[in-house]
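Step one of this worksheet: look at the structure below.
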Amino acid sequence: MALSYNPLMLDIKLIRDEPDRIKKAILDRGMSAEAADVDGVLDIDARRRALLVQVEELKHERNKASEQIVAMKKDAADTTAITDRMREISDRIKEMDVEVREVDAKLREVMLDIPNVPDDSVPVGPDETANVEARRWGEPPSFTFKPKPHWDVGEDLDILDFQRGAKIAAARFTLLKGAGALLERALINFMLDLHTREHGYKEIFPPILANVETFTTTGQLPKFKDDMYQCQDGLLLVPTAEVPVTNIHRDETLREEDLTVNYVAYTPCFRREAGSYGKDVRGIIRQHQFNKVEMVKFAHPDHSFDELESMIGNAEEVLRRLGLHHRVMLLSTGDQGFAAAKCYDLEVWMPASGEFREISSCSNCTDFQARNGNIRFKPAEGGKPRFVHTLNGSGIAVGRTVAALLENNQLDDGRVVVPPALQPYMGGMTLIE
RNA sequence: GGAGAGAUGGCCGAGUCUGGCUUAAGGCGCACGCCUGGAAAGCGUGUGGGCGGGUUGACCUCGUCCCGUGGGUUCAAAUCCCACUCUCUCCGCCA
């Protein structure tokens, strides 16, 4: 009976008030006006409101008549005439309720195509060529020999086993052995300890299967269904901890004084990687299953962009402690995700290929996901609840960190140096050999 | 997997059998006011959210919807019917 429709991505009122700004944002992202139909949204929204006025008028009439019938019954009066009339009105209401529901569904459908509005500080451009380097840390290591790609380093040390990973599961699954498995586990613990003890995050271990509502809040559904592994009972494997952790406070109203809420979670992540068949076929850069430590923040709208700076800084700190050369890229309008208002990528140096590779991505989704998931806070001063801003970022991708360490820290004899920060997590091991 | 019980506002809890002055009783909590040297007690007032209209800021005001979720019956549903979800108790199975 509830006519309110929930998942809207952008604020419909914002589209009503500033349609031109939204249209510009869509073009800046390199999307076509057909792909994200602002005028269509406005049109359907107007129809919806006109319909609501009519049907609510009828409902008002019905409620009044109800009181009247009660009074008449008390006087033992004949109510046939009025009930007959109300029968017709009720039928009409039922029809219109159906119409409203249809229009709501239609509105939701077109709204789902409208992306978040990029922040003013985001460089405008069509794709990654317009990204801006924010800063760079360290120096690329120098080698007296030709550095091997990480898959060769790993296989020669017998710590990565691609053949058996494929035998057990499929291509893009890798078996970690011995010091490789230990390194993976050490990195997870190192990252979690860093973020919980020094960066003020609360540790979470969420479900790794989640339902459709959860996936809808963060925007993976309905648009990216093909990249998700689906299980029975309507559950899906999470592609990142962002999905379950952002949903912790779905349909909740937080207290303003509790913001910012900082969570960090280690989970395995599962991605079908549909449509990336040719890419990164060797090594562990692109896997169907990989481990990731993820940071999630629920922030006050006034501070969310400061929180984004702090979050990317927290991700960078992982690489600094491991001594890995890296740079931070501010993504352009055309390269950032659908839900993001602003996004930094953290890229680590890979000496074998001589390029930087993404190892973390930190986004401020402003109120985009919060509206979807109805995640709000009550202002301490009183007044209506407002939507929080949600942020998420890798802190960082574990498998890619293994790859970076194997390549950057390899010696000419094939052994790999364990960075000091990691040694306590590996039983004092200083060399993988 | 089997059997049973339950889900009502920030919380507790009545109402459901017997549909309609229920715009959900009562209590607790909270906020403000009175009282007080100050406090407690006492007294009084107020106390959710969504959507929409009123020339869209805020405030105000009017309407509508929300008693786990979704359908149905009816002039009218917290209340009757159906399906589903979740919680609790017991049994079975299990790391």
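Since the model is a prediction, treat every value here as computed from it, not as a measurement. Just so it is clear: chains get the letters A, B, ... in the order the sequence lines come, proteins before strands, and each one is counted from 1.
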>> Between A:Lys342 and A:Ser363, does the side chain to side chain donor-acceptor pair (under 3.5 Å) criterion hold? Intermediate values first, please.
In response: CA-CA 6 Å; A:Lys342 185 174 184 176; A:Ser363 302; over 6 Å; no
> Yes or no on side chain to side chain donor-acceptor pair (under 3.5 Å) for A:Thr218 and A:Glu242, after CA distance, side-chain angles and deciding distance?
Replying inline: CA-CA 8 Å; A:Thr218 37; A:Glu242 170 201 347; 5.1 Å; no
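Checking A:Ser66 against A:Arg87, the closest nucleotide of RNA chain B that is more toward the 5' end is the one next to A:Ser66. Take the nearest nucleotide of RNA chain B for A:Glu57 and for A:Lys73: the residue whose nucleotide is more 5' is A:Lys73.
We find that CG of A:Leu14 is positioned 14 Å from C1' of B:U56, with the value rounded to whole Å. If you measure from atom CG of A:Asn63 to atom C1' of B:U23, you get 10 Å, rounded to the nearest angstrom. Put simply, CG on A:Leu235 is 14 Å from C1' on B:C86, counting in whole angstrom units. A straight line from NZ of A:Lys64 to C1' of B:A76 spans 15 Å, rounded to a whole angstrom. When the P atom of B:C75 is taken as reference, atom CD of A:Glu61 falls 16 Å away, rounded to whole Å. The interatomic distance linking A:Ile93 (CD1) with B:G72 (P) rounds to 14 Å, in whole Å. B:C75 atom C1' lies 16 Å from atom NZ of A:Lys59, rounded to whole Å. In this structure, CD of A:Glu67 is placed 12 Å from C1' of B:U22, rounded to the nearest angstrom.
Nucleotides B:U89 and B:A83, compared at atom C1', are 24 Å apart to the nearest Å. To the nearest whole angstrom, the two P atoms, one in B:C86 and one in B:G26, are 36 Å apart. The P atoms of B:C12 and B:U18 are separated by 29 Å, rounded to the nearest whole Å. Between B:A14 and B:A77, the two P atoms lie 25 Å apart (nearest whole Å). B:G71 and B:G63 have their C1' atoms separated by 26 Å, with the value rounded to a whole Å.
Ionic pairing of A:Glu95 and A:Arg92 is present here: one or more N-O contacts between side-chain nitrogen and carboxylate oxygen are shorter than 4.0 angstrom. Salt bridge present: A:Arg321 and A:Glu317 bring a charged side-chain N and a carboxylate O closer than 4.0 Å. Here A:Asp104 does not pair with A:Arg108 in a salt bridge; the nearest charged N to carboxylate O distance is not below 4.0 Å. A salt bridge is defined here as a Lys NZ or Arg NE, NH1 or NH2 lying under 4.0 Å from an Asp or Glu carboxylate O, and A:Asp39 with A:Lys23 meets this definition.
In the displayed structure, A:Arg135 atom CZ is contacted under 6.0 Å by more than 12 heavy atoms of other residues, nucleotides or ligands.
If you check B:C34 for Watson-Crick or wobble pairing at under 3.5 angstrom, you find it paired to B:G42. Across all strands shown, B:G26 forms a Watson-Crick or G-U wobble pair with B:C12, both key distances being under 3.5 Å. Checking B:G4 for Watson-Crick or G-U wobble geometry (two distances, each under 3.5 Å) identifies B:C88 as its partner. Across all strands shown, B:C51 forms a Watson-Crick or G-U wobble pair with B:G63, both key distances being under 3.5 Å. Shown here, B:A95 forms no base pair; nothing in the strands shown gives a Watson-Crick or G-U wobble contact with both key distances under 3.5 Å. When both distances must be under 3.5 Å, the Watson-Crick or G-U wobble mate of B:C17 does not exist. Base-pair partner of B:C80: B:G72 (Watson-Crick or G-U wobble, both distances under 3.5 Å).
Within the structure, every pair that satisfies the salt bridge (charged side-chain N to carboxylate O under 4.0 Å, His left out) test and touches residues 209-231 of chain A, not counting sequence neighbours, is listed here: A:Asp113-A:Lys223.
Among the nucleotides B:G20, B:C51, B:U73, the one closest to the side chain of A:Leu52 is B:C51. Between B:G49, B:G52, B:C65, one nucleotide has an atom nearer to the side chain of A:Lys378 than all others, and that is B:G49. For A:Val53, the listed nucleotide lying nearest its side chain is B:G53; candidates were B:G53, B:U64, B:U73. Relative to the side chain of A:Arg101, the nucleotides B:A76, B:G71, B:G52 differ in distance, and B:G71 lies closest. When distances are taken from the side chain of A:Asp17 to each of B:G52, B:C75, B:U56, the shortest belongs to B:U56. Minimum atom distance to the side chain of A:Arg376 is reached by B:G50, of the listed B:G63, B:C75, B:G50. When distances are taken from the side chain of A:Lys384 to each of B:C75, B:G71, B:G50, the shortest belongs to B:G50. Closest approach to the A:Pro385 side chain among B:C51, B:G49, B:G63 is made by B:G49 (side chain taken as heavy atoms from C-beta onward).
Remark: A:Arg49 is in phosphate contact with B:G53, judged by side-chain N or O atoms under 4.0 Å from OP1 or OP2. Contact annotation: A:Thr83 does not reach the phosphate of B:A76 (side-chain N/O to OP1 or OP2, under 4.0 Å). Regarding contacts with the backbone of B:G63, every side-chain N or O of A:His60 stays at 4.0 angstrom or more from both OP1 and OP2. Contact between the side-chain N/O atoms of A:Arg16 and the OP1/OP2 oxygens of B:U56 is not found at any separation under 4.0 Å.
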